[in-house]
Number of protein chains: 2
Amino acid sequence: MKSPSQPRDRGIPEATVARLPLYLRALHGMAERGVATVSSEDLAVAAGVNSAKLRKDLSHLGSYGTRGVGYDVEYLVYQISRELGLTQDWAVAIVGVGNLGRALANYGGFVSRGFRIAAVVDADPEVVGDTIAGLNVEHIDDLEAVIKRRGVSIVVLATPAAAAQEVCDRVVTAGVTSILNFAPVVLSVPDGVDVRKVDLSIELQILAFHEQRKAGGPLMAVDSQ
Amino acid sequence: MKSPSQPRDRGIPEATVARLPLYLRALHGMAERGVATVSSEDLAVAAGVNSAKLRKDLSHLGSYGTRGVGYDVEYLVYQISRELGLTQDWAVAIVGVGNLGRALANYGGFVSRGFRIAAVVDADPEVVGDTIAGLNVEHIDDLEAVIKRRGVSIVVLATPAAAAQEVCDRVVTAGVTSILNFAPVVLSVPDGVDVRKVDLSIELQILAFHEQRKAGGPLMAVDSQ
DNA sequence: CCGACTTTGTGCACCGGTTCACAAAGGGAT
DNA sequence: ATCCCTTTGTGAACCGGTGCACAAAGTCGG
Ligand SMILES: NC(=O)c1ccc[n+]([C@@H]2O[C@H](COP(=O)([O-])OP(=O)(O)OC[C@H]3O[C@@H](n4cnc5c(N)ncnc54)[C@H](O)[C@@H]3O)[C@@H](O)[C@H]2O)c1
Ligand SMILES: NC(=O)c1ccc[n+]([C@@H]2O[C@H](COP(=O)([O-])OP(=O)(O)OC[C@H]3O[C@@H](n4cnc5c(N)ncnc54)[C@H](O)[C@@H]3O)[C@@H](O)[C@H]2O)c1
């Protein structure tokens, strides 16, 4: 059955970490359809990657496959979940409950992955006190207290750009070391704090670049005036 | 040898393209504050990158700097904008006007970068006919007609995962070759079609991985943006 | 007009990540 | 038990990207 789980390499490449959630999603789908084992080739197709890459990624977690057969779906789901830290529950706070913050708070897709929205915080007196996604909107003045009380370890920043750095500083001081930032600013944080940014405007600009190239190619206005 | 500043090598590295919007944002801020010229060092700090990397990135567009002085802010804004295709107006359609689609439609940050929301489309009869962000919500049955009529060249997919591939196929058939996908599925598209995906759930899982590691072992995680 | 100073543009070594290709491992059939 | 077939796990070449370090290019004060 399972080979003696060899000591997992503590240094998993960042690129691999970024793909594990993709494999996990594909595996969940297969488990639901009753698939018991899957080959690297099939899983790779489902996840949209190269099969050699997938095998190398999984090999970083240990030798969980069986040659000639493939990988046990349930077992792999468990191993990847554990590696990503999804066997525990993460308390997430959303700061800034405007257009975007509301959409995130109401999204059900997070809970199903072990991320529980534990608090929503805003500065606008009109909004504070409202109930969003079943949660009472707390005042930004109580940010530190809320983080401590709810055991928040991940903060989602959805405030206007101008407020992002200040809020960031405060949550970091409060002990948070994982931040997902939607505001279009470069946040500066001390070492040891992870910031991941999602910038939709940048995504569109990258698409526009390629679209322009497809359409006109280098034949666009070449003035130099 | 070559003539003075001319559009250089047409093959701009993907990593460079992804950073140009970052430089552009920093430059816009500087222009607003009345800064006329900027050194690679200062701009790099503002954009959160290494200065050598910034210079190499800009060198792909041409020789737009002046040694001993730096870069002319306005001129650089123009050059980067042109390279990214932001000197023209892009018509964007949002398909799926739920939590997320609404937030996107109401967001002002796109228009300011040359992206005009030209249409919003949904399948729900309850929603079709409503006005969102000043636009009439069109029916998904009219998808192809709307794309043609409004000259849409970029589609944002914000439908449930189950509907994403079908909608994707239709917009591709309608001639769209640039898609920004928020649904947690791997889209399959023909060659020549660009798909960029934004998966917030994956971002949280990556944060959780590092968070778990920080809490557990003696190994320190490094920050990344 | 010159020489000191600043900053660009890039050659080069390096590094993480990708892909190919194949030996080794395991299962199943006979 | 042995052979054949499938599929893993990985060595090694390769590739794009990064960052150091510096010569070249340009500014500016005198
Ligand atoms: N909505 C989008 O689709 C979208 C897309 C890309 C980027 N963004 C970015 O995401 C962020 C939020 O966007 P939005 O559309 O939800 O904006 P919004 O204006 O609708 O919401 C911002 C919310 O933050 C609150 N806020 C302001 N200052 C605060 C503070 N100091 N502390 C706590 N809360 C504070 C406001 O009261 C408001 O409720 C912005 O930075 C925006 O640039 C949004
Ligand atoms: N809301 C979030 O914060 C969030 C976060 C991460 C990912 N996502 C993903 O983004 C997508 C949208 O999320 P949401 O929260 O807005 O969901 P939602 O259910 O609120 O909205 C989906 C909308 O799509 C419409 N729709 C359904 N089928 C359609 C079809 N065939 N054609 C056109 N429209 C159709 C529905 O009528 C609905 O209005 C989902 O795939 C979700 O997984 C959302």
Side-chain angles (χ1 to χ4, degrees), chain A residues 1-20 22-23 27 30 35-73 75-76 79-80 206, chain B residues 1-20 22-23 27 35-73 75-76 79-80 206 221-225:
Chain A
M1 319 278 179
K2 3 223 147 216
S3 30
S5 59
Q6 55 187 75
R8 292 170 297 138
D9 185 358
R10 280 288 144 188
I12 296 183
E14 196 54 36
T16 296
V17 173
R19 281 187 296 267
L20 289 180
L22 227 50
Y23 305 152
L27 286 166
M30 288 171 175
V35 178
T37 64
V38 64
S39 69
S40 65
E41 183 58 37
D42 289 353
L43 183 52
V45 169
V49 304
N50 174 298
S51 72
K53 192 191 292 187
L54 179 131
R55 286 198 299 277
K56 189 155 285 186
D57 282 343
L58 295 184
S59 76
H60 289 295
L61 316 191
S63 269
Y64 297 142
T66 305
R67 294 170 190 234
V69 176
Y71 301 86
D72 182 279
V73 173
Y75 187 56
L76 201 49
Q79 290 299 343
I80 295 178
I206 296 172
Chain B
M1 285 297 195
K2 62 177 169 63
S3 23
S5 56
Q6 66 174 171
R8 290 249 324 177
D9 186 8
R10 279 287 135 184
I12 297 182
E14 197 53 36
T16 295
V17 173
R19 282 188 295 267
L20 290 180
L22 226 51
Y23 305 152
L27 286 165
V35 178
T37 64
V38 65
S39 69
S40 64
E41 184 56 37
D42 290 352
L43 182 53
V45 168
V49 304
N50 174 298
S51 70
K53 192 190 290 185
L54 179 133
R55 287 197 298 278
K56 191 158 286 186
D57 282 343
L58 295 184
S59 77
H60 288 295
L61 315 191
S63 271
Y64 296 141
T66 305
R67 293 169 193 233
V69 176
Y71 300 87
D72 182 279
V73 173
Y75 187 56
L76 201 49
Q79 290 299 343
I80 295 179
I206 296 172
V222 204
D223 101 293
S224 60
Q225 266 195 59

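Quick note on labels: first sequence line is chain A, next is B, and so on, each numbered from 1. Values below: every heavy atom of this structure, side chains too, minus hydrogens, waters and symmetry copies.
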Just to confirm, is there a sub-4.0 Å distance from OP1 or OP2 of [N] to any side-chain nitrogen or oxygen of [X]?
X	N	value
Ser40(A)	dT7(D)	no
Tyr71(A)	dG9(D)	yes
Ser63(A)	dG9(D)	yes

Working for side chain to side chain contact (heavy atoms under 4.5 Å, CB included), residues Leu20(A) and Leu61(A): CA-CA 10 Å; Leu20(A) 289 180; Leu61(A) 316 191; 4.2 Å; yes
Apply side-chain hydrogen bond (donor to acceptor under 3.5 Å, both in side chains) to Ser39(B) and list each qualifying residue two or more places apart in sequence or on a separate chain.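 Ser39(B): no side-chain hydrogen bond (donor to acceptor under 3.5 Å, both in side chains) contacts found.
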- Show your reasoning for whether side chain to side chain contact (heavy atoms under 4.5 Å, CB included) applies to Leu43(B) and Leu76(B). CA-CA 11 Å; Leu43(B) 182 53; Leu76(B) 201 49; 4.1 Å; yes
task = Please list, by residue number, the residues of residues 41-56 of chain A whose heavy atoms come closer than 4.0 Å to an atom of DNA chain D; answer none if no residue qualifies.
result =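 Residues of residues 41-56 of chain A under 4.0 Å from DNA chain D: Arg55(A), Lys56(A).
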Expressed as a whole number of angstroms, how long is the span from [X]:[atom1] to [N]:[atom2]?
X	N	atom1	atom2	result
Asp57(B)	dG17(D)	CG	C1'	10 Å
His60(B)	dG16(D)	NE2	P	12 Å
Glu14(B)	dG16(D)	CD	P	12 Å

Would you tabulate the nitrogen or oxygen pairs shorter than 3.5 Å linking the protein to nucleotides 1-4 of chain D?
none

Close N or O pairs between protein and nucleotides 25-27 of chain D (under 3.5 Å):
{"from": "dA25(D)", "atom 1": "O4'", "to": "Arg67(B)", "atom 2": "NE", "distance (Å)": "3.4"}
{"from": "dA25(D)", "atom 1": "O4'", "to": "Arg67(B)", "atom 2": "NH1", "distance (Å)": "3.4"}

query: Excluding sequence neighbours, so at least two apart, what forms side chain to side chain contact (heavy atoms under 4.5 Å, CB included) with Val45(A)?
result: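 Val45(A) satisfies side chain to side chain contact (heavy atoms under 4.5 Å, CB included) with Glu41(A) once adjacent residues are dropped.
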For Leu22(B), side chain to side chain contact (heavy atoms under 4.5 Å, CB included) partners two or more places apart: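 Side chain to side chain contact (heavy atoms under 4.5 Å, CB included) check on Leu22(B) returns Lys197(A), Ile202(A), Arg25(B).
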For the [atom1] atom of [X] and the [atom2] atom of [Y], what is their distance to the nearest 0.5 Å?
X	Y	atom1	atom2	answer
Gln79(A)	Leu27(A)	CD	CG	12.0 Å
Arg55(A)	Asn50(A)	CZ	CG	8.0 Å
Tyr71(B)	Thr66(B)	OH	OG1	9.0 Å

- Query: Any idea which heavy atoms bring Ser51(B) and Ala44(B) closest together, and the distance?
  - Reply: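 Of all heavy-atom pairs spanning Ser51(B) and Ala44(B), the closest is CA-CB, 3.5 Å.
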Output, in order, the C-alpha distance, side-chain angles, deciding distance and verdict of side chain to side chain contact (heavy atoms under 4.5 Å, CB included) for Tyr23(A) and Leu54(A).
CA-CA 9 Å; Tyr23(A) 305 152; Leu54(A) 179 131; 3.6 Å; yes
Tell me, with the steps shown, if Thr16(B) and Arg19(B) meet side chain to side chain contact (heavy atoms under 4.5 Å, CB included).
CA-CA 5 Å; Thr16(B) 295; Arg19(B) 282 188 295 267; 3.9 Å; yes
**OP:** Could you pick out which residue, Gly70(B) or Pro13(A), lies toward the 5' side of DNA chain C when each is mapped onto its nearest nucleotide?
**Re:**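 Counting from the 5' end, the first nearest nucleotide belongs to Gly70(B).
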